Amino acid sequence: MAKINFGGVEEEVVTREEFPLSKAQEVLKDETVAVIGYGVQGPGQALNQKENGINVIVGQRKPSKSWDKAVADGFVPGETLFEIEEALEKGTIICYLLSDAAQIELWPTVKKHLTAGKALYFSHGFGITYKDRTGIVPPKDVDVILVAPKGSGTSLRRMFLEGRGLNSSYAIFQDATGKAKERVVSLGIAVGSGYLFPTTFQKEVYSDLTGERGTLMGAIQGIFSAQYEVLRSKGHSPSEAFNETVEELTQSLMPLVAENGMDWMYANCSTTAQRGALDWKDKFKDAVKPVFEELYESVASGNEAQKSIDSNSQADYREKLEVELKELRDSEMWQAGREVRKLRPENDK
């Protein structure tokens with residue numbers, strides 16, 4: 001493992017230079033990786049592993065749109081695509097990539113196929129961390145491991161095809177075989193990680209749930225809405241309000257942050273923008289930090305997990321979700337965004 005200094009804190013990470021794909025292929029050469037679920041993470045992880053020379057099969061309900069998608073992606077029924085129970089039986093490493101609610105529902109079926117020496121792989125610590133609520137308690141004679149790409153399955157796949165890697169965390173909950181470490185690191189490399197950093201199942205789910213509800217999704221939508229609504233209420237047009245709130249951030253400024261950091265982005269903006277950002281950043285921090293403290297405590301207490309379990313396990317969850325997403329989609333801000341995206345220069349090609 002490489003030791004890297006992160007702002008004065010030393011961490012051990014695994015890079016593709018020290019643990020190349022060839023090493024991962026050697027470790028996994030006798031394994032059959034069964035990817036269960038072909039929804040959010042499944043396609044990216046399955047395809048990346050397949051194209052990296054790993055023996056991958058997919059387990060999916062038939063008939064379903066996800067089954068058809070797997071076929072379209074090149075998985076062959078009866079050869080590399082099976083119904084879930086058959087894939088569970090064939091797999092020596094079970095990549096359990098269903099939604100958290102679906103994992104709870106399918107767990108009795110999965111558990112009976114977890115024979116001694118197999119590995120149970122997650123990309124989210126939810127089921128194990130909140131096992132008292134989910135009922136997911138693996139047998140003692142299997143490895144229980146985690147690789148959590150820090151982004152969507154779509155991003156994982158896109159970056160893989162571009163020759164880049166999406167960073168991932170990894171964790172070992174249970175090492176029954178003595179091979180859990182080499183298995184999990186090999187899988188992390190095989191799915192297309194840029195580098196791997198260690199965590200625990202608990203820390204992964206605490207940080208993930210906080211991030212999703214915070215700066216990654218919930219908080220950013222709230223901030224977008226607040227600024228957009230203020231600008232509109234002061235007489236600014238939808239186009240101007242959207243460009244100043246979302247478009248400039250996502251298309252111009254965030255790429256600069258991703259490239260070299262926030263200070264570099266500041267340095268490449270006007271002095272007026274720099275001064276204003278520096279003056280106001282602490283006011284925003286002071287305003288929202290108590291909300292993040294409240295959020296983290298809600299995650300750590302299990303309240304957020306229980307809300308997700310209760311909501312996502314309802315029979316009409318998808319219908320209710322679509323109503324909420326439609327409300328977001330049909331809001332003036334995102335209608336304006338749809339029109340602004342049409343006007344981007346690349347759409348003229």
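Computed from heavy atoms alone, side chains included, the values below leave out hydrogens, waters and symmetry copies. Just so it is clear, the structure is predicted and the values come from calculations on it, not from any experiment.
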Glu18 (side chain) donor-acceptor with Thr15 (main chain) under 3.5 angstrom: yes
From CA spacing to verdict: salt bridge (charged side-chain N to carboxylate O under 4.0 Å, His left out), Lys234, Glu240: CA-CA 12 Å; Lys234 303 301 183 183; Glu240 184 169 52; over 6 Å; no
NZ/NE/NH1/NH2 to OD/OE distance under 4.0 Å, Lys23 and Glu26: no
Flag if over 12 foreign heavy atoms under 6.0 Å of CD, Glu327: no
More than 12 heavy atoms from other groups under 6.0 Å of CZ on Arg158: no
Spacing of Ile128 atom CD1 and Lys131 atom NZ [to the nearest 0.5 Å]: 7.5 Å
Gap separating the CD1 atom of Ile145 from the CZ atom of Phe201, nearest 0.5 angstrom: 8.0 Å
Minimum heavy-atom distance Leu166-Lys150, with the two atoms named: CD1-O, 3.6 Å
Side-chain donor or acceptor of Asp143 paired with backbone N/O of Thr177 under 3.5 Å: yes
Note, Phe292 side chain near Thr215 side chain (heavy atom, < 4.5 Å): yes
Positive for side-chain contact (heavy atoms from CB on, under 4.5 Å) with Asn268, one of Asn260, Asp263, Leu253, Leu256: Leu256
Sidechain-backbone polar pair: Ser225 side chain, Gly222 backbone, donor-acceptor under 3.5 Å: no
Side-chain ion pair, Arg329 and Glu322, N-O less than 4.0 Å: yes
Enclosure of Met254 CE (heavy-atom neighbours >12, cutoff 6.0 Å): yes
Rounded distance (nearest 0.5 Å) linking atom CZ of Phe224 with atom OG1 of Thr245: 8.0 Å
Check against side chain to side chain contact (heavy atoms under 4.5 Å, CB included), Ile189 and Arg16: CA-CA 7 Å; Ile189 296 299; Arg16 292 191 286 191; 3.8 Å; yes
SB check Arg157 Glu51 (cutoff 4.0 Å): yes
4.5 Å side-chain heavy-atom contact, Glu212 and Leu209: yes
Aromatic plane relationship, Trp107 with Tyr96 - under 30° parallel, 30 to 60° tilted, over 60° perpendicular: tilted
Residues His113, Ile94; criterion side chain to side chain contact (heavy atoms under 4.5 Å, CB included); working and verdict: CA-CA 9 Å; His113 290 285; Ile94 308 302; over 6 Å; no
Lys90 to Phe82 six-membered ring, cation-pi geometry met (6.0 Å, 45°): yes
Side chains of Gln49 and Asn52 in contact at under 4.5 Å (non-hydrogen atoms): no
Any donor-acceptor pair under 3.5 Å from Thr92 side chain to Thr32 backbone: yes
Gln174 side chain vs Val144 backbone, donor-acceptor pair below 3.5 Å: no
Leu156 vs Gln41 side-chain heavy atoms within contact, under 4.5 Å: yes
With Phe160 via ring pair (Phe, Tyr, Trp, His ring centres under 6.0 Å) - residues at least two apart: none
Distance in Å, Leu325 CG paired with Trp334 CH2, rounded so as to fall on 0.5 Å steps: 13.0 Å
Heavy-atom side-chain proximity of Ser237 to Phe242 below 4.5 angstrom: no
Main-chain N/O of Asp175 paired to Lys181 side chain as donor or acceptor, under 3.5 Å: no
Candidate pair Phe122 and Val205, rule side chain to side chain contact (heavy atoms under 4.5 Å, CB included), full reasoning: CA-CA 11 Å; Phe122 294 86; Val205 75; over 6 Å; no
Criterion side chain to side chain contact (heavy atoms under 4.5 Å, CB included) on Val185 and Leu196, from CA distance to verdict: CA-CA 8 Å; Val185 172; Leu196 295 157; 4.1 Å; yes
Worked check of side chain to side chain donor-acceptor pair (under 3.5 Å) between Ser193 and Ser168: CA-CA 6 Å; Ser193 302; Ser168 303; 2.8 Å; yes
Charged N-O contact under 4.0 Å between Glu229 and Arg232: no
Backbone of Ser308 reached by a side-chain donor or acceptor of Ser311 within 3.5 Å: no
Side-chain heavy-atom pair Trp67, Arg61 within 4.5 angstrom cut-off: no
Donor-acceptor pair, side chain of Ser233 and main chain of Val230, under 3.5 angstrom: yes
Spacing of Asn312 atom CG and Tyr317 atom OH [to the nearest 0.5 Å]: 4.0 Å
From CA spacing to verdict: side chain to side chain donor-acceptor pair (under 3.5 Å), Gln202, Thr129: CA-CA 5 Å; Gln202 185 187 78; Thr129 300; over 6 Å; no
Interatomic spacing from CG in Leu88 to CD1 in Ile84 - rounded to 0.5 Å: 7.0 Å
Which residues share a side chain to side chain donor-acceptor pair (under 3.5 Å) with Asp30, sequence neighbours left out: none
Side chain to side chain donor-acceptor pair (under 3.5 Å) between Asp100 and Tyr130, worked out: CA-CA 11 Å; Asp100 295 323; Tyr130 301 113; over 6 Å; no
Heavy atoms of other groups near Gln335 CD, more than 12 under 6.0 Å: yes
Check: Leu98 main-chain N/O paired with Gln103 side-chain donor or acceptor under 3.5 Å: yes
4.5 Å side-chain heavy-atom contact, Leu97 and Gln45: yes
Flag if over 12 foreign heavy atoms under 6.0 Å of CD, Glu10: yes
Backbone N/O of Glu244 and side chain of Gln227: donor-acceptor pair under 3.5 Å: yes
Counterpart residues, ring pair (Phe, Tyr, Trp, His ring centres under 6.0 Å), relative to Tyr296 (two or more places apart): Tyr206
